[in-house]
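Beneath this line is the structure, given in structure tokens, with notes to follow.
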Amino acid sequence: MDPETIIGIDLGTTNSEVAVIRDGRPEVLPGEDGDPILPSVVGLDPQGHLLVGKAARNQYVLAPERTVRSIKRKMGQEVTVALGDQKYTPQEISAIILRTLKRRAEAALGRPVQKAVITVPAFFNDGQRQATREAGELAGLEVVRIINEPTAAVLTYDPHPTAMERLLVYDLGGGTFDISVAQIENGVVEIQASHGDTQLGGDDFDQLLFDHICDAFQKEHAVDLRASLAAKARVLRAAEEAKKRLSVDAVTTIEEEFIAEKDGKPLNLRKEIDRYEYEELIRPLLLKTLTYLDEAMSDARLQANQVDKVVLVGGATRTPLVHHLLEERLGRPVHAEIEPDLAVAMGAAVQGGLIAGVDVGPILVDITPHTLGIETLGELYGFLSSNSFSPIIERNTPLPASRTEIYTTAVDEQEAARIRVFQGENPDTRYNTLVGEFLVEGLAEVPRGNQILVRLDLDLSGILKVTATERATGLAKHIVIDNAMERFRKRQRSDAVDRLEAILGSVEEEPAAVLRLPAPEETETEPGAAAAVPADGLAPALRQVIQSAQALVAKAEQVLPSANEEDAGELQAMLADLRAAIGRRDADAIRASMREVEDLVFYLEDA
Ligand code: AMP
């Protein structure tokens with residue numbers, strides 16, 4: 001028996017978790033239902049019995065007077081919250097959550113636990129930290145250390161870096177957003193800058209989707225679902241589930257039977273929503289997080305190319321658009337190998353292990369070492385090409401991984417679509433490795449723009465299942481590719497290089513069986529839907545322009561310090577324009593801005 005076990009607790013606004021070090025690795029402990037995530041919600045059932053976690057969360061909308069959530073927002077304040085007839089301090093409510101996690105750890109370890117490391121946001125002041133400590137004590141825990149959440153995330157990713165490292169921690173949870181610049185050296189983490197928004201998170205995405213669904217329902221049936229508490233609760237839950245599915249699926253359907261009544265007749269809710277539509281709803285909020293990112297970087301006096309690693313924390317960072325926007329802005333892949341909602345609890349356990357003198361090794365996770373996607377008709381080197389690579393599962397995604405994207409037929413009455421699956425990082429498929437291909441035949445004879453959903457499922461042993469489904473008819477075909485990853489390692493690259501020269505500058509014929517990314521108007525799922533959806537930012541040609549632009553920004557930043565004040569000011573202004581164009585994903589504006597920046601950089605380099 002090891003009396004020194006120090007558990008690590010992530011006491012979050014929306015969710016909380018507990019982890020311990022076992023066999024040298026952090027492990028997040030599941031509750032009785034097998035789920036490691038405990039909603040940070042406390043309530044009383046109608047009989048007055050205490051509810052903690054999911055049961056409490058599920059009654060929130062229907063019985064808010066008997067339910068307390070987001071208590072973390074009140075930590076350190078001299079207030080009380082009502083729960084039934086009683087009033088409780090924020091510490092007491094938090095203690096109920098902590099005690100549940102303590103018991104969970106005791107059940108898993110089979111012995112009592114006394115000590116804990118608890119995480120708090122980097123911006124928590126002394127009072128808030130003290131309140132957290134008191135909550136731990138009320139729960140019967142000795143709080144051996146309070147650490148910052150980004151510190152915990154850094155420890156999870158890099159418990160023992162060999163050299164000094166700078167990390168950017170992007171944390172988007174249910175109710176809050178935090179961005180931190182951290183430096184780790186000799187096991188000591190220093191937070192150099194931290195920004196955020198305590199009112200921005202995945203719950204806002206649920207709310208946007210919820211309103212979108214309610215508005216559509218109201219338009220169709222002239223009934224406002226928001227008027228009924230029960231309907232509201234169901235739609236809100238369905239919206240969150242749909243949001244999570246859209247992290248994997250390109251299209252999802254929300255279905256709730258008998259959600260309302262009109263003229264004595266029951267009404268059902270059925271709404272299909274695709275990822276493009278959803279992304280347009282949440283894009284403004286994500287762009288806001290990028291402005292905080294810029295502020296944190298500028299506070300830490302750091303350029304994007306000085307960051308060693310970008311790590312994603314918080315459940316809402318599973319949203320694919322978060323990855324895409326960050327990769328665009330920072331010009332590098334992000335790290336999300338470790339379950340983003342468990343990384344902070346794991347880091348707290350790592351800190352506990354380090355304090356207790358336990359050996360903690362790096363966390364091993366299986367990831368896709370390379371991007372998987374399909375060949376499409378798209379812009380490449382400024383021309384239309386049928387060799388454009390469209391990524392579906394990005395590299396560094398933890399396994400098993402599943403993801404679906406929407407494509408469309410390229411020509412009218414296209415009866416077949418050839419699905420060619422490639423692995424690699426180049427926007428030109430001829431530089432990547434073909435891992436498999438098949439033909440879907442018998443497509444509906446309709447004008448071009450017929451939507452085809454392509455789904456990739458990659459399991460732990462590298463077996464890849466590729467499924468193509470015609471959205472309108474459900475016609476589907478799939479193949480299974482063994483050892484998809486092995487094939488890539490063995491690939492011959494040299495002949496691909498030779499082919500590059502030949503195609504530069506050539507405009508390709510449109511072959512009949514290819515697919516392309518949908519044009520904006522094709523992504524609308526209902527006639528007259530609100531905003532037109534812009535083309536996906538992942539179109540390979542756009543991605544390539546953005547990558548070149550980011551390389552140019554990095555180069556310009558290098559020459560900036562040697563420029564005189566006037567030139568430097570001009571270059572800064574041009575760079576701001578270029579960054580804005582990148583942010584807008586406006587290829588023409590990016591190219592125009594790049595030409596200006598290139599000219600000035602050329603002049604400054606020469607000067
Ligand atoms: P956290 O506070 O880190 O537990 O994050 C909770 C938030 O992450 C909630 O808003 C969840 O709905 C959201 N979330 C969890 N899983 C996913 C997912 N697969 N895709 C998008 N959001 C998710």
Side-chain angles (χ1 to χ4, degrees), residues 8-19 28 30-31 35-41 53-54 57-58 60-61 69-73 94 97 101 119-121 149-150 152-153 156 169-180 196-210 235-252 254 273-275 278-279 281-283 285-286 289 311-326 334 336-348 393-394 397-398 400-404:
I9 293 179
D10 172 5
L11 182 60
T13 309
T14 317
N15 294 313
S16 298
E17 298 83 23
V18 59
V28 185
D35 192 345
I37 293 174
L38 178 77
S40 306
V41 187
K54 276 197 196 112
R57 187 191 59 187
N58 291 347
Y60 176 73
V61 178
R69 58 174 207 170
S70 301
I71 194 65
K72 185 169 171 178
R73 295 194 193 283
S94 293
I97 298 166
L101 294 171
T119 60
V120 295
E149 287 156 10
T156 308
V169 182
Y170 180 101
D171 181 350
L172 189 61
T176 59
F177 167 69
D178 293 290
I179 179 93
S180 307
D197 189 330
T198 53
Q199 306 293 335
L200 174 67
D203 298 349
D204 298 310
F205 303 171
D206 302 348
Q207 190 60 45
L208 288 169
L209 202 48
F210 168 85
V235 180
L236 202 55
R237 180 124 33 102
E240 186 186 7
E241 290 308 316
K243 168 189 81 172
K244 289 183 183 171
R245 286 197 300 277
L246 285 170
S247 290
V248 171
D249 299 334
V251 186
T252 193
I254 293 159
I273 178 149
D274 67 43
R275 195 184 296 141
Y278 169 65
E279 286 181 345
L281 292 176
I282 63 166
R283 187 185 296 276
L285 294 184
L286 293 181
T289 68
V311 305
L312 302 191
V313 181
T317 61
R318 290 214 180 81
T319 313
L321 188 60
V322 169
H323 293 223
H324 301 159
L325 289 176
L326 280 173
V334 293
E337 300 90 295
I338 297 171
E339 293 289 335
D341 29 26
L342 308 184
V344 168
M346 286 188 187
I393 295 181
E394 304 276 343
T397 304
S402 297
R403 183 70 49 93
T404 310

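We count ligands from 1, going down the list as the structure has it; atoms in each ligand are counted the same way. Starting from 1, each residue takes its place in the sequence as its number. Treat the numbers as computed from the prediction; the structure is a model and nothing was measured.
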Could you tell me which atoms of ligand 1, counted from 1 in the order shown, lie closer than 4.0 angstrom to a heavy atom of [X]?
X      : result
Asp203 : 10 (O)
Thr319 : 21 (C)
Gly314 : 3 (O)

Does some side-chain heavy atom of [Y] sit less than 4.5 Å from a side-chain heavy atom of [X]?
X      : Y      : answer
Ile37  : Leu342 : yes
Pro320 : Arg275 : yes
Leu286 : Leu172 : yes

State whether the shortest distance between N or O atoms of [X] and N or O atoms of ligand 1 falls below 3.5 angstrom.
X      : result
Gly315 : yes
Asp206 : no
Ser247 : yes

Q | Donor-acceptor under 3.5 Å (Arg403 side chain, Ser247 main chain) | A | yes
For [atom], the protein heavy atom that lies nearest, with its residue and separation:
atom                    : result
atom 15 (C) of ligand 1 : Lys244 CE, 3.6 Å
atom 4 (O) of ligand 1  : Asn15 ND2, 2.7 Å
atom 2 (O) of ligand 1  : Gly174 N, 3.1 Å
atom 19 (N) of ligand 1 : Arg318 CD, 3.5 Å
atom 10 (O) of ligand 1 : Lys243 NZ, 3.1 Å

**Q.** Pair Thr156-Val313, side-chain contact (heavy atoms from CB on, under 4.5 Å): steps then yes or no
**A.** CA-CA 11 Å; Thr156 308; Val313 181; over 6 Å; no
Q: State plainly whether the residues Glu241 and Arg237 are in salt-bridge range, i.e. N to O under 4.0 Å.
A: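 Salt bridge absent between Glu241 and Arg237.
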Q. Which of these, Glu240, Glu241, Arg245, has its nearest heavy atom closest to atom 11 (C) of ligand 1?
A. Glu240
Q) Which value, rounded to the nearest 0.5 Å, describes the distance between Thr252 atom OG1 and Lys244 atom NZ? A) 13.0 Å
(Q) With side-chain contact (heavy atoms from CB on, under 4.5 Å) as the criterion, how do Leu326 and Leu312 come out once you've worked through the C-alpha distance, each side chain's angles and the decisive distance to 0.1 Å? (A) CA-CA 10 Å; Leu326 280 173; Leu312 302 191; 3.5 Å; yes
Q | Any Ala316 heavy atom less than 4.0 Å to ligand 1 | A | yes
**Q.** Non-neighbouring partners of Arg318 that pass side-chain hydrogen bond (donor to acceptor under 3.5 Å, both in side chains), sequence neighbours left out
**A.** Glu339, Asp341
